[in-house]
Amino acid sequence: MRPKVAFITGILGQDGPYLAKLLLEKGYRVYGLIRRYSKPNFENLEYLGIAKDVDYIEGDLTDFSSLLRIIKSLKPDEVYNLAAQSHVGTSFSQPVYTTEVNAMGVLYLLEAIRLFSPTSRFYQASTSELFGNNINKDGYQNEDTPFYPRSPYAVSKLYGYWITRNYREAYKLFAVNGILFNHESPIRGINFVTRKITYHVAMIKLGLANEIRLGDLSPRRDWGFAGDYVEAMWLMLQQDEPDDYVIATGESHSVEDFVREAFEYVGIKDWKKYVKFDPRFKRPAEVYDLRGDASKARRKLGWKPKVSFKELVAMMVDADIERLKKKHNIK
Ligand code: NAP
Ligand code: GDD
């Protein structure tokens, strides 16, 4: 029997490698979209030990012709659209580019599927950023919470969310939105706050740095482990009917909680002296409190997170310490 074929955009990012690993373990043939580089960076796939197991196809989410060609030739069973300009802060300084990738890119991909492979199942990486500062009376966000995006990133993702729903309703495509809350891992990009913290805590612990510069420490996030969240993506595409799901842990912590937890994990109690406020990392508009209610996913997909907040922080700090020791030849 022909193995199932999956096409993943964003294969070199954080979620792409975890999803690819999961699908390879399930026997899929996995194709990943990579942009044109003089030197592509396979570090995250190598970290998970699967860089040689993925097939790579060159293209770009902003280049409609490349997506048409790829979808027409692959006719994949499943398409996971994880590619994005995914940094909220950067979206304020690069709003046009962010919109081209995160909004138009989704439309290009859906059009390619509608025209050349309408039976492909489509996953769109939607986000808790869509909610902005809206919270239900019970203190959580769920699938019924109204959207109120607070950044060019979130506004562009709002288009992606709705165009996915529209193609599902108008053309009967099997197209779903995963509304994922923040999820992190040892291969999280270094300029997202969790990894920035664990990297700097590891540097400070090893005597390689003496400060970490951060913006607002008060925003709260619902942080889970990326390895758990990619399983939910796959489950959404295995259902009888396409639908949208919130994926979250249901626990929220402030950025300051994360900083404290990371420092205390390595035994540094007087951590406040290392933390410097830097206005460059403060955003023109902020989202203050994200905490997801994933009960629909639990009920319908049988999904629940496995890794706790404390375990996540420990896993990320340990990984950074190990990498730095290797790099600097520290015993
Ligand atoms: P990430 O680490 O930033 O990875 C994004 C990937 O998108 C990168 O591999 C990047 O490629 C690729 N990309 C960017 N522009 C592209 C373009 N024009 N054409 C093709 N590829 C392009 O993001 P992530 O954390 O894995 O997140 C995956 C998706 O989930 C994103 O859509 C993000 O917005 C969404 N999301 C993430 C979270 C989270 O907490 N992680 C939560 C909710 C939603 P290069 O490697 O070539 O730069
Ligand atoms: N990046 C960053 N750097 N954030 C900082 C810093 C800093 O130095 N200092 C404070 N923060 C605060 C941000 O203002 C924000 O409130 C919080 O830390 C988390 O920032 P990020 O880690 O950059 O993540 P995000 O919540 O803005 O966005 C991530 O999660 C979304 C899901 O809710 C990204 O992965 C998005 O792509 C994703 O959609």
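Start at 1 and go down the list; that is how both ligands and their atoms are numbered.
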Checklist entry - Is there any N or O on Val193 that sits under 3.5 Å from an N or O of ligand 2? => result yes
Next on the checklist: I need the nearest protein heavy-atom contact for atom 38 (C) of ligand 2: residue, atom name and distance, please.
Outcome noted: Tyr153 OH, 3.5 Å
Checklist entry - Which of the atoms of ligand 1 are close to Leu180, meaning less than 4.0 Å from one of its heavy atoms? => result 42 (C), 43 (C)
Checklist entry - If we only count N/O pairs under 3.5 Å, is Thr127 in contact with ligand 1? => result no
Checklist entry - Hey, does Asp15 come in under 3.5 Å of ligand 1, counting only N/O atoms on both sides? => result yes
Checklist outcome for this item: For Ala125, the atoms of ligand 1 under 4.0 Å from one of its heavy atoms are 29 (C), 30 (O), 32 (O), 35 (C)
Next on the checklist: Among all protein heavy atoms in this structure, tell me which lies nearest to atom 16 (O) of ligand 2, with the distance rounded to 0.1 Å.
Outcome noted: Glu286 OE2, 2.8 Å
Next on the checklist: For the 3.5 Å polar cut-off, considering only N or O atoms, please tell me whether Trp223 and ligand 2 meet it.
Outcome noted: no
Checklist entry - Hey, which atoms in ligand 2 end up nearer than 4.0 Å to a heavy atom of Val88? => result 27 (O), 28 (O)
Next on the checklist: Could you check whether Glu78 and Gln238, counting side-chain N and O atoms only, form a donor-acceptor pair closer than 3.5 Å?
Outcome noted: yes
Checklist entry - Under a 4.0 Å N-O cut-off, is there an ion pair linking Arg195 with Asp320? => result yes
Checklist entry - Does the pair Glu286/Arg221 count as a salt bridge with the N-to-O cut at 4.0 Å? => result yes
Checklist entry - Which residue owns the protein heavy atom closest to atom 18 (O) of ligand 2, what's the atom, and how far is it? => result Val255 CG2, 3.4 Å
Next on the checklist: Test: ring-ring contact (aromatic ring centres under 6.0 Å, His included). Region: residues 305-331. Which pairs qualify, not counting sequence neighbours?
Outcome noted: His253-Phe309, Phe258-Phe309
Item to check | Polar proximity ligand 1 side, Thr62 side, N/O cut 3.5 Å exclusive | outcome: no
Checklist entry - Taking everything shown except Phe281 itself, do over 12 heavy atoms lie less than 6.0 Å from its CZ? => result yes
Checklist entry - Under 4.0 Å from ligand 2, counting heavy atoms only, is it the side chain of Pro219, its backbone, both or neither? => result side chain
Checklist outcome for this item: If you scan protein heavy atoms around atom 1 (P) of ligand 1, the nearest is Ser86 OG, 3.7 Å
Item to check | Polar proximity ligand 1 side, Gly16 side, N/O cut 3.5 Å exclusive | outcome: no
Item to check | Nearest option to atom 24 (O) of ligand 2, as decided by whichever heavy atom of Asn182, Asn191, Asn102 sits closest | outcome: Asn182
Item to check | Asp77: which of Arg29, Lys26, Arg2 passes salt bridge (charged side-chain N to carboxylate O under 4.0 Å, His left out) | outcome: Arg2
Checklist entry - Tell me the side chain to side chain donor-acceptor pair (under 3.5 Å) pairs involving residues 104-116, sequence neighbours left out? => result Glu111-Arg114, Glu111-Tyr167
